[in-house]
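Just below is one structure, and these are the notes that go with it.
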Amino acid sequence: EAQVTQNPRYLITVTGKKLTVTCSQNMNHEYMSWYRQDPGLGLRQIYYSMNVEVTDKGDVPEGYKVSRKEKRNFPLILESPSPNQTSLYFCASSFGLRGRVNYEQFFGPGTRLTVL
Amino acid sequence: GENVEQHPSTLSVQEGDSAVIKCTYSDSASNYFPWYKQELGKGPQLIIDIRSNVGEKKDQRIAVTLNKTAKHFSLHITETQPEDSAVYFCAASSPGSARQLTFGSGTQLTVLP
């Protein structure tokens with residue numbers, strides 16, 4: 001089954017304790033992205049990756065890191081989480097920008113993070 | 001960069017009635033406008049999209065209209081059913097934009113039985 005998986009689905013942690021949220025897709029997509037969803041603010045992009053070893057900042061990158069060592073995986077790293085990073089996080093993937101036509105993004109099920 | 005505004009933030013309709021959600025965008029170069037549906041506890045899922053070379057697209061009970069001059073597009077759901085209850089997001093994308101999509105703030109649609 002074609003899908004985007006995220007782990008963990010729920011996480012409660014404390015300020016300053018490094019954490020990683022994993023994301024994996026099995027559709028051979030070049031493009032992957034992380035979003036955070038907050039009430040009234042919709043989905044805001046954190047980081048995106050056009051392909052392996054190619055990453056760039058989205059609209060709200062502060063406090064986050066990413067890496068893209070393999071095409072299928074795109075982990076989100078919070079080196080020192082703070083309470084304002086409490087949010088619902090989504091990973092997404094798509095075929096990217098072939099022919100300058102944007103393609104459907106497929107979203108993972110989400111990770112609900114609480115930072116105390 | 002692109003800015004997308006979405007209205008209303010909440011919408012309640014009686015089962016069988018129609019629902020309309022509206023979005024405006026700022027970048028006149030944007031040419032791809034998808035709509036995503038997010039059910040409780042799940043990630044957003046594409047339900048319909050439209051590209052700037054057409055003014056309307058329909059898929060059964062769902063339709064999207066695009067007015068490029070006014071820079072707004074709308075989602076229309078007819079004969080609403082309880083399973084249509086969800087959060088709906090509009091989005092816009094500029095040609096070749098590496099960031100792909102800018103999302104609206106979402107609309108919580110509730111279909112009352």
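Chain identifiers are assigned alphabetically (A, B, ...) following the order of the sequence lines, protein sequences preceding nucleic acid strands; residue numbering begins at 1 within each chain.
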### Task
Under 4.5 Å heavy-atom distance to chain B, tell me which part of A:Leu43 shows up: side chain, backbone, both or neither.
both
### Verify same cluster id: A:Met32, B:Leu101 (apolar side-chain graph, 4.5 Å)
no
### Message
Do A:Phe106 and B:Phe33 sit in one hydrophobic cluster, given that two such residues count as connected whenever their side-chain heavy atoms are within less than 4.5 Å of each other, even indirectly?
### Response
no
### Message
Less than 4.5 Å to any heavy atom of chain A: does that hold for the side chain of B:Gln38, its backbone, both, or neither?
### Response
side chain
### Query
Any chance CZ of A:Arg112 has more than 12 other-residue heavy atoms, nucleotides or ligands included, within less than 6.0 Å?
no
### Message
With clusters defined by side-chain heavy atoms of hydrophobic residues (ILVMFWY) lying less than 4.5 Å apart, directly or transitively, does B:Val20 cluster with B:Trp35?
### Response
no
#### Entry: Pick from A:Pro39, A:Gly110, A:Pro109 with the largest number of heavy-atom pairs that fall under 4.5 Å of chain B
A:Pro109
### Test log, rule side chain to side chain contact (heavy atoms under 4.5 Å, CB included), inputs A:Gln105 and B:Leu46
CA-CA 8 Å; A:Gln105 288 198 17; B:Leu46 180 73; over 6 Å; no
### Task
Return the minimal non-hydrogen interatomic distance between A:Phe90 and B:Gly43, and the atom names on each side.
CE2-CA, 3.3 Å
### Query
Which heavy atom of A:Gln37 sits nearest a heavy atom of B:Phe89, and at what distance?
NE2-CZ, 3.3 Å
### Task
Taking all non-hydrogen atoms of both residues into account, name the closest pair between B:Ser105 and A:Gly40 and its distance.
CB-O, 3.5 Å
### Message
Please classify the contact between B:Pro34 and chain A as side chain, backbone, both or neither, with a heavy-atom cut-off of under 4.5 Å.
### Response
neither
### Query
Sub-3.5 Å donor-acceptor pair from the side chain of B:Tyr36 to the main-chain atoms of A:Phe107, do we have one?
no
### Message
Assigning hydrophobic clusters by single linkage (Ile, Leu, Val, Met, Phe, Trp, Tyr; side-chain heavy-atom cutoff under 4.5 Å), is B:Phe103 placed with B:Tyr32?
### Response
yes
#### Entry: Same cluster (ILVMFWY, side-chain, under 4.5 Å), B:Leu109 and B:Ile47
yes
### Message
Can you tell me if B:Gln81 has over 12 outside heavy atoms packed within less than 6.0 Å of its CD?
### Response
yes
